[in-house]
Amino acid sequence: MLKKHGITENTPSELMFSAATIYKNLKFETNDWVGEVLGATSGGSKWSLVEEFMDAEVDGAKVKVKGFKVKVGETGIVEVNMTEFKEDVIVNALHLVEDTTKPVTGYKKYKTKANVAETDYLDNIAVVGWLTSGKACILILPNAFCTSGIEAEPKDKEQATFTLTFEAHADITDDLDHLPVEIYYPTAA
């Protein structure tokens with residue numbers, strides 16, 4: 001018999017209502033997750049993992065043919081609506097370097113640089129979403145590089161936010177055919 005909905009007995013425990021927590025450099029060590037929370041968000045986050053395909057063009061085929069589809073790439077992106085203006089977040093987002101010339105008491109001075117350095121890539125950026133079962137669903141994008149910079153518009157009587165966009169990258173020693181993205185979905189109790 002056909003159902004009028006997709007609800008199952010598992011549905012109540014597999015919903016996600018709250019904003020995800022964003023981590024940088026998250027890894028699993030000695031039976032627990034270790035990483036640094038990126039900061040407080042307002043307006044949540046958005047992630048996408050998109051594969052790119054092409055269909056082979058073969059004379060005589062006027063439709064797409066099963067088996068002629070070839071994967072030609074993929075992208076992994078996390079967009080985060082930050083509200084916490086933390087020093088390390090600003091430095092990572094803008095790929096800044098500390099400038100120790102002419103110090104000002106009580107402040108660190110940063111400047112932009114001309115070239116991208118290996119240290120401009122985070123080990124990863126991770127999105128940890130919480131299911132209504134209380135279990136975490138984790139997406140880890142490797143070698144995350146912030147491509148958005150920072151644009152903020154502080155106003156009276158409004159909370160300032162800025163959106164950061166991080167893109168995943170393969171390491172030069174990887175096979176370079178796909179991104180080494182990791183998705184962790186909790187097992188049943």
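This is a predicted model, so every value here is computed, not measured. Numbers here are sequence positions counted from 1.
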Going by salt bridge (Lys or Arg N to Asp or Glu O under 4.0 Å), name the residues that satisfy it together with K4, two or more places apart in sequence or in a different chain.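 Result, salt bridge (Lys or Arg N to Asp or Glu O under 4.0 Å) vs K4: none returned.
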
Tell me, yes or no, whether the heavy-atom count around K64 atom NZ, taken from other residues, nucleotides or ligands under 6.0 Å, exceeds 12. no

Would one find more than 12 heavy atoms of other residues, nucleotides or ligands at under 6.0 Å from atom NZ of K113?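 Yes - once you tally the heavy atoms of other residues, nucleotides and ligands closer than 6.0 Å, there are more than 12.
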
Have a look at K24 and tell me which of D123, N124, N92 forms a side chain to side chain donor-acceptor pair (under 3.5 Å) with it.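 Exactly one pass, corresponding to N92.
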
Using side-chain heavy atoms (C-beta onward) and a distance below 4.5 Å, is [X] in contact with [Y]?
{"X": "E98", "Y": "K109", "result": "no"}
{"X": "V181", "Y": "E74", "result": "no"}
{"X": "T41", "Y": "V80", "result": "yes"}
{"X": "S48", "Y": "T75", "result": "no"}
{"X": "F162", "Y": "L164", "result": "yes"}
{"X": "M82", "Y": "L38", "result": "yes"}
{"X": "I138", "Y": "V127", "result": "no"}
{"X": "V97", "Y": "K111", "result": "yes"}

Please round to the nearest 0.5 Å and tell me the distance separating atom OG1 of T187 and atom OH of Y185. 10.5 Å

Check this for me: does any side-chain nitrogen of one of E87 and K108 sit under 4.0 Å from a carboxylate oxygen of the other?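 Salt bridge flag = yes for K108 with E87.
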
Worked check of side chain to side chain donor-acceptor pair (under 3.5 Å) between N81 and T163: CA-CA 4 Å; N81 298 310; T163 301; 2.8 Å; yes

Is there a ring pair (Phe, Tyr, Trp, His ring centres under 6.0 Å) between Y184 and F28? Walk through the geometry before answering. CA-CA 11 Å; Y184 295 88; F28 192 77; 7.9 Å; no

Sequence neighbours excluded, every pair satisfying salt bridge (charged side-chain N to carboxylate O under 4.0 Å, His left out) that has a member inside residues 170-181: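 Checked against salt bridge (charged side-chain N to carboxylate O under 4.0 Å, His left out) - neighbours excluded - no pair reaches residues 170-181.
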
Tell me whether F166 shares a hydrophobic cluster with V37, the cluster being built from Ile, Leu, Val, Met, Phe, Trp, Tyr side chains joined at under 4.5 Å.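 F166 does not cluster with V37.
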
Taking the six-membered ring for Trp, are Y121 and F145 parallel (under 30°), tilted (30 to 60°) or perpendicular (over 60°)?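 Tilted: the ring planes of Y121 and F145 meet at 30° to 60°.
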
When you look at M16 and C137, which way does the side-chain contact (heavy atoms from CB on, under 4.5 Å) test go after all the steps? CA-CA 9 Å; M16 194 176 292; C137 221; 4.1 Å; yes

Residues at least two apart in sequence or cross-chain that pass side chain to side chain donor-acceptor pair (under 3.5 Å) with K86, listed by chain then number, are none

